[in-house]
Amino acid sequence: MTPILTIDGPGGAGKGTVSKRLAREFGWHLLDSGALYRLVGVAARKHGTDFENVTELAEIARNLDVEFRVSEEEELVQTWLEGMRADHLLRAETAGSDASVVAAIPEVRTALLERQRAFAEPPGLVADGRDMGTVVFPDAALKVFLTASAEERAKRRYKQLMEQGLSANLRALQEEMETRDRRDRERPTAPLKPAEDAWILDCTGIGIESVVAMIRERLLVVLSGQELH
Ligand code: DC
């Protein structure tokens, strides 16, 4: 059976960075499930689809023409949507809000389920999202729920956007993130919440290196078959 590490949690908690680092260290595959929801939103905008049109949004999700290419030189994953580079369209905070809206539609989630599960290939998978441990991979070897205070998460996301050359206003960003998290937490289908057997890790004030080290240590224990307490 392919070992799976799931990392769920609200936006800006550091899931993306931590997941990428651990996937690279262990030589495992990486599933950035948020990117799939973001891509549905980007494709919907591109095709002028109404965000209320559930049938069409589900159709877009089912037929999503996406390819994740690993670029050796840049050590980056390139995202191609319908034959065009889409990375720059994905990271904007509006793409996050659009993703959160389409992600609340059960038909869209169902359409993406098998596509996500197909990422579980040997030697292992790190899956980053909101419902990785609760819905998509309920039998994961280790489930982490990574969180941090709202202020810290907004600051981290702000820094990330700045580093990518995108503009942002910290206060507006925090409000947008709070709205998004509320929508993700309160939706009836696959809401953002820790799995019952998840390890809840509040990383407020803890550097990313330490978070990676803590998860690595626990994952190694799980992989060696030892009991966790
Ligand atoms: O992780 P992210 O910021 O790229 O996710 C964008 C949105 O997609 C998030 O606000 C909710 C949705 N999402 C989801 O509903 N389920 C997932 N597994 C991943 C993301």
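Whatever order the structure lists them in is the order used to number ligands and atoms, beginning at 1. Atoms considered below: every heavy atom in the structure, side chains included; atoms not considered: hydrogens, waters and symmetry mates.
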Would you mind checking if [Y] and [X] are paired as a salt bridge, meaning a charged N to carboxylate O distance below 4.0 Å?
X: Asp184; Y: Arg130; result: yes
X: Arg109; Y: Asp131; result: yes
X: Arg38; Y: Asp98; result: no
X: Glu176; Y: Arg180; result: no
X: Arg156; Y: Glu152; result: yes

| query | Is Phe68 reachable from Leu31 through a run of hydrophobic residues whose side-chain heavy atoms are each under 4.5 Å from the next? | reply | yes

Please name the pair of heavy atoms, one in [X] and one in [Y], separated by the smallest distance, quoted to 0.1 Å.
X: Leu146; Y: Cys203; answer: CD1-SG, 4.0 Å
X: Pro10; Y: Leu192; answer: CA-CD2, 3.9 Å
X: Leu125; Y: Phe119; answer: CD1-O, 3.6 Å

Heavy-atom contacts with [X] under 4.0 Å: which atoms of ligand 1 show up? List them by number with element.
X: Arg38; answer: 2 (P), 3 (O), 4 (O), 6 (C)
X: Gly129; answer: 18 (N), 19 (C)
X: Met132; answer: 18 (N)
X: Ala99; answer: 6 (C), 7 (C), 8 (O)
X: Arg180; answer: 3 (O), 5 (O), 6 (C), 7 (C), 9 (C), 10 (O)

| In the protein, which heavy atom is nearest to atom 19 (C) of ligand 1, and how far is it? |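 Checked against all protein heavy atoms, atom 19 (C) of ligand 1 sits closest to Ser33 OG, 3.4 Å.
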
| field | For atom 20 (C) of ligand 1, closest protein heavy-atom neighbour | value |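 Here the closest protein heavy atom is Gly34 CA, 3.5 Å.
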
| field | Nearest neighbour of atom 12 (C) of ligand 1 from the list Ala190, Ala103, Gly11, on a heavy-atom basis | value |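 It is Ala103 whose heavy atom sits nearest to atom 12 (C) of ligand 1.
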
| query | Is it the side chain, the backbone, both or neither of Asp184 that has a heavy atom closer than 4.0 Å to ligand 1? | reply | side chain

| Side chain, backbone, both or neither: which part of Arg187 comes within less than 4.0 Å of ligand 1 when only heavy atoms are counted? | side chain

With nothing but distance in play, are any N or O atoms of [X] less than 3.5 Å from an N or O of ligand 1?
X: Arg130; value: yes
X: Arg157; value: no
X: Tyr37; value: no
X: Asp128; value: no

| said: Does the Lys NZ or Arg CZ of Arg45 fall within the cation-pi geometry relative to Phe51 - under 6.0 Å from the ring centre and within 45° of the axis? | reply: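 Verdict for Phe51: a cation-pi partner in Arg45.
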
| query | Does Arg109 come within less than 4.0 angstrom of ligand 1, counting non-hydrogen atoms of the residue? | reply |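 Yes, Arg109 has heavy atoms under 4.0 Å from ligand 1.
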
